[in-house]
Amino acid sequence: MNRDRLRQALEFYRDLGVTDVYRVEAPSAVEVEKVSHELTPISTDLAPAEVTLPSLSPDNDTLEKIKEDIGPDCRRCRLCEQRSKIVFGSGNPHAKLVFVGEGPGADEDAQGLPFVGRAGQLLTQMIEGTASKEGIPIRRADVYICNVVKCRPPENRTPQPDEMEICGQFLFRQLMTIKPRAICALGSTAAKALLNTKDGVMRLRGHWHKWRDIPVMVTYHPSYLLRPYNQNAKREAWDDLKKVLHFVYD
Ligand code: URA
């Protein structure tokens, strides 16, 4: 594995929160390399031994292949226990814009599609309403929509870090396959998964961030905007979306 591939692989693992990798020196000897949390920029000073990292981002990856790898009955984490349907994602596989939510709710779990409940209807209105007002000819079907975790957390609780880490590998593959011009992170779980930050939405929203080389705009989750006392946030979310749509489609 050359240094560029090694750097890419380590960055990929770091984004997933993995801090230990194993270097195979000889058929029987295994040495543990500590890849510290402070690994920025990531170190490429490892000795040129073969590093055995399973490819989480295969060449020529496709959404179909990712779906196939998740499998029809994924049991990688506890979220499998109460889910009805795995919610992979939907929309244009060549979308210039991807929206990332937190995880399926009850309606999504029943239908196997993301953002089809009340929050989803608001998201559709936000996308199509803002686009039409700004003279940008796109509909919801032109973007891609998915979540950090693909199975509904019981009682709609926030996904736990290990669940985000396990399912995050599939989200990252989806994003790398689609290669959108921008990503819109809906709410703090999506922001955390993509930006590896503890900052909240109020602090992050309205500015551009990056996941790999892809610009990321964080905004409020539509469920938050549905609460009656959050009407100011609605205006801000519309502003954020306007920014994203002009950036992507102008
Ligand atoms: N909330 C989310 O975060 N995702 C969905 O798909 C639906 C509601």
Side-chain angles (χ1 to χ4, degrees), residues 63 66-67 70 74 77-80 82-93 95 97-129 139-175 178 180 182-197 199-202 204-205 209 211 216-228 230 233-234 236-238 240-241 244:
L63 292 177
I66 301 165
K67 200 170 185 178
I70 292 175
C74 177
C77 82
R78 66 187 79 76
L79 294 182
C80 67
Q82 291 181 49
R83 66 130 196 270
S84 303
K85 289 196 172 155
I86 297 173
V87 179
F88 180 71
S90 72
N92 180 352
L97 176 57
V98 174
F99 288 85
V100 178
E102 177 174 297
D107 294 306
E108 292 76 19
D109 179 63
Q111 294 186 43
L113 292 168
F115 282 100
V116 289
R118 273 186 75 219
Q121 285 161 22
L122 177 57
L123 180 62
T124 307
Q125 266 176 35
M126 288 170 69
I127 296 169
E128 299 193 348
R139 308 296 307 260
R140 172 179 163 139
D142 297 311
V143 304
Y144 192 84
I145 301 179
C146 58
N147 285 300
V148 176
V149 295
K150 313 296 188 213
C151 297
R152 182 191 183 199
E155 320 295 335
N156 298 338
R157 67 159 170 76
T158 305
Q160 293 174 2
D162 62 328
E163 296 157 358
M164 288 169 64
E165 187 177 318
I166 292 165
C167 222
Q169 62 180 298
F170 300 112
L171 169 66
F172 294 168
R173 281 176 61 186
Q174 285 174 299
L175 295 173
I178 298 169
I183 299 167
C184 185
L186 301 167
S188 64
T189 299
K192 239 177 241 163
L194 294 172
L195 305 177
N196 219 348
T197 177
D199 287 345
V201 174
M202 274 186 208
L204 296 168
R205 64 152 289 276
H209 306 269
W211 177 80
V216 175
M217 177 65 70
V218 176
T219 194
Y220 296 103
H221 192 287
S223 301
Y224 178 82
L225 301 175
L226 284 170
R227 298 177 204 158
N230 291 334
K234 241 182 182 170
E236 293 177 326
W238 254 272
D240 298 339
L241 197 51
V244 174

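Only a predicted model underlies this, so the values are computations on that prediction, with no experimental measurement involved. All values below were derived from every heavy atom in this structure, side-chain atoms included, with hydrogens, water molecules and symmetry-related copies excluded. We count ligands from 1, going down the list as the structure has it; atoms in each ligand are counted the same way.
- Checked against a 6.0 Å centroid threshold, the rings of H221 and F115 count as neighbours.
- Heavy-atom contacts of H221 reach the following atoms of ligand 1: 1 (N), 2 (C), 3 (O) (cutoff under 4.0 Å).
- Nearest residue to atom 7 (C) of ligand 1 from R152, R118, E108, Q111 is E108 (criterion: closest heavy atom).
- In this structure, D199 does not pair ionically with K192, as no charged nitrogen and carboxylate oxygen lie closer than 4.0 Å.
- Here the side chain of D109 pairs a donor or acceptor atom with the backbone of S84 at under 3.5 angstrom.
- Looking at V149 and E102, their side chains never come closer than 4.5 Å, going by heavy atoms from C-beta outward.
- Put simply, the side chain of W211 reaches to within 4.5 Å of the side chain of F172, judged on heavy atoms.
- Within ligand 1, the atoms closer than 4.0 Å to a non-hydrogen atom of G101 are 3 (O), numbered from 1 in the order shown.
- Scanning the protein heavy atoms around atom 2 (C) of ligand 1, the nearest turns out to be G103 O, 3.0 Å.
- Between F115 and ligand 1, a contact under 3.5 Å exists for at least one N or O pair.
- The P114 neighbourhood of ligand 1 comprises atoms 6 (O), with distances under 4.0 Å to a heavy atom of that residue.
- S223 contributes atom OG, which lies 8.5 Å from atom CG of L122 (distance to the nearest 0.5 angstrom).
- For ligand 1, the atoms lying closer than 4.0 Å to a non-hydrogen atom of E102 are 2 (C), 3 (O).
- Residue G120 places every heavy atom at 4.0 Å or more from ligand 1.
- Under the 3.5 Å distance criterion, the side-chain polar atoms of Q121 are left unmatched by any main-chain donor or acceptor of R118.
- Shortest contact from atom 4 (N) of ligand 1 to any protein heavy atom: N147 OD1, 2.8 Å.
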